[in-house]
Amino acid sequence: MKLLEYDIAPEVRAFSTMREGGFSRGNYGEFNANAFCGDDKQAVANNRQILANEIGIPKENFIYTHQIHSTFIRVVDQRFVNLPMAERQNLLEGVDALITDQPNYCLCISTADCIPIVIYDPQHHAVACVHAGWRGTLRRIAELAIEKMTATYDTDPAQCRAVIGPGISLEHFEVGDEVYEAFQSAGFDMDSITMRPNGQFAVVDGTLSILKEKWHIDLSTCNQQQLLSCGLLPANIQRTDICTYANYEHYFSARRLGVKSGRMITGVMIK
């Protein structure tokens, strides 16, 4: 298997999985470890074991959520990790971000065009893993994750380090006017996160007209702005700027491959 590894701190392992080197096939191939996107269950189990072997912890120490584009954040504390697996999984339904200060537990979120975000608080040795699709971005899930870390661990955002992983780029993320208007109504700086390509000429009802292109939104920049607004320093935010849509051969893209396709896993663990 191949991993995109993030250099966030010596005491932290952070990564995003790539498509190569697993048991899944077709649009799930090869490495899909998401159990909620329609892939063969045994292939997913085999891929999860490969990942556990690579990271060097038991597969039971991976915390996989069932995401629904919510802003619910689960705290993975000592009580949580002591629960039976079935109870743990029930508590991970509808969760789109995780935080923990427990070592050797790997927080995982799944993406295939959405934006994965990893955050590390070096003062309190706490981490967060955040799934930010456009709905989560609109509802400021990155900000909420920082707020949750501050409330739980007394995190100082100015000390935090973050990575914004691969996701769909401004160039390829087309949205309807209603999505643009939702971001505008939510108070985002639209000039810095959107563009609208020049229209093309076409004959409509016998008249030469300009067809307006759809709006495009830069989700990575939008989430970076949220982290900055919370107090993270620009130098402490890394961006991969890898577009999953353009690089679908190596990273899953639901817009390119369809919803019935694999998902990347972005994980973070305190060693």
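FYI, side chains are in, hydrogens and waters are out, and symmetry mates aren't considered; it's all heavy atoms of this structure.
Under the 3.5 Å distance criterion, the side-chain polar atoms of Arg140 are matched with a main-chain donor or acceptor of Ala186. A donor-acceptor pair under 3.5 Å links the side-chain atoms of His216 to the main chain of Leu170, judged by distance alone. Listed for the Ser261 side chain is no donor-acceptor partner under 3.5 Å among the backbone atoms of Tyr28. Counting only distance, with no hydrogens or angles, the side chain of Arg161 and the backbone of Pro122 share no donor-acceptor pair below 3.5 Å. The backbone N or O of Val44 sits nowhere less than 3.5 Å from a side-chain atom of Asp39 that would complete a donor-acceptor pair. A donor-acceptor pair under 3.5 Å is absent between the side-chain atoms of Arg239 and the main chain of Ile164, judged by distance alone. No donor-acceptor distance shorter than 3.5 angstrom exists from the side chain of Lys2 to the backbone of Gly21, with no hydrogens or angles considered. A side-chain donor-acceptor contact under 3.5 Å links Arg196 to the backbone of Glu213. Gln238 contributes a side-chain N or O that, together with a main-chain N or O of Asp7, makes up a donor-acceptor pair within less than 3.5 Å. Side-chain N or O atoms of Arg19 include one that pairs as donor or acceptor with a backbone N or O of Tyr248 at under 3.5 Å.
Contacts of Glu11 classified as side chain to side chain donor-acceptor pair (under 3.5 Å), with partners at least two apart in sequence or in another chain: Tyr120. Asp154 is linked by a side-chain contact (heavy atoms from CB on, under 4.5 Å) to His124, counting only residues two or more places apart in sequence or in another chain.
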request  = Just do the side-chain contact (heavy atoms from CB on, under 4.5 Å) check on Leu227 and Ile119 with the steps written out, would you?
outcome  = CA-CA 10 Å; Leu227 295 173; Ile119 304 165; 4.2 Å; yes
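Hydrophobic cluster membership differs between Leu144 and Val127, with clusters built from Ile, Leu, Val, Met, Phe, Trp and Tyr side chains linked at under 4.5 angstrom.
In the hydrophobic clustering, Phe23 connects to Met1, Leu3, Phe15, Phe31, Ile50, Leu51, Ile55, Ile57, Phe62, Tyr64, Ile265, Met269, either directly or through intervening members, whenever side-chain heavy atoms lie under 4.5 Å apart.
The aromatic rings of Trp134 and Phe183 sit tilted relative to each other, their planes meeting at an angle between 30° and 60°.
No side-chain N or O of Ser24 forms a donor-acceptor pair with one of Asn32 less than 3.5 Å apart.
Tested against Met149, the residues Asp121, Asp101, Ile73 include a single side chain to side chain contact (heavy atoms under 4.5 Å, CB included) partner, Asp121. When each of Val130, Ile109, Thr65, Ile68 is paired with Asp96, the side chain to side chain contact (heavy atoms under 4.5 Å, CB included) condition holds for Ile68 and for no other.
In this structure, Arg13 pairs ionically with Glu54, as a charged nitrogen and a carboxylate oxygen lie closer than 4.0 Å.
At least one side-chain heavy atom of Ile99 sits under 4.5 Å from a side-chain heavy atom of Thr152.
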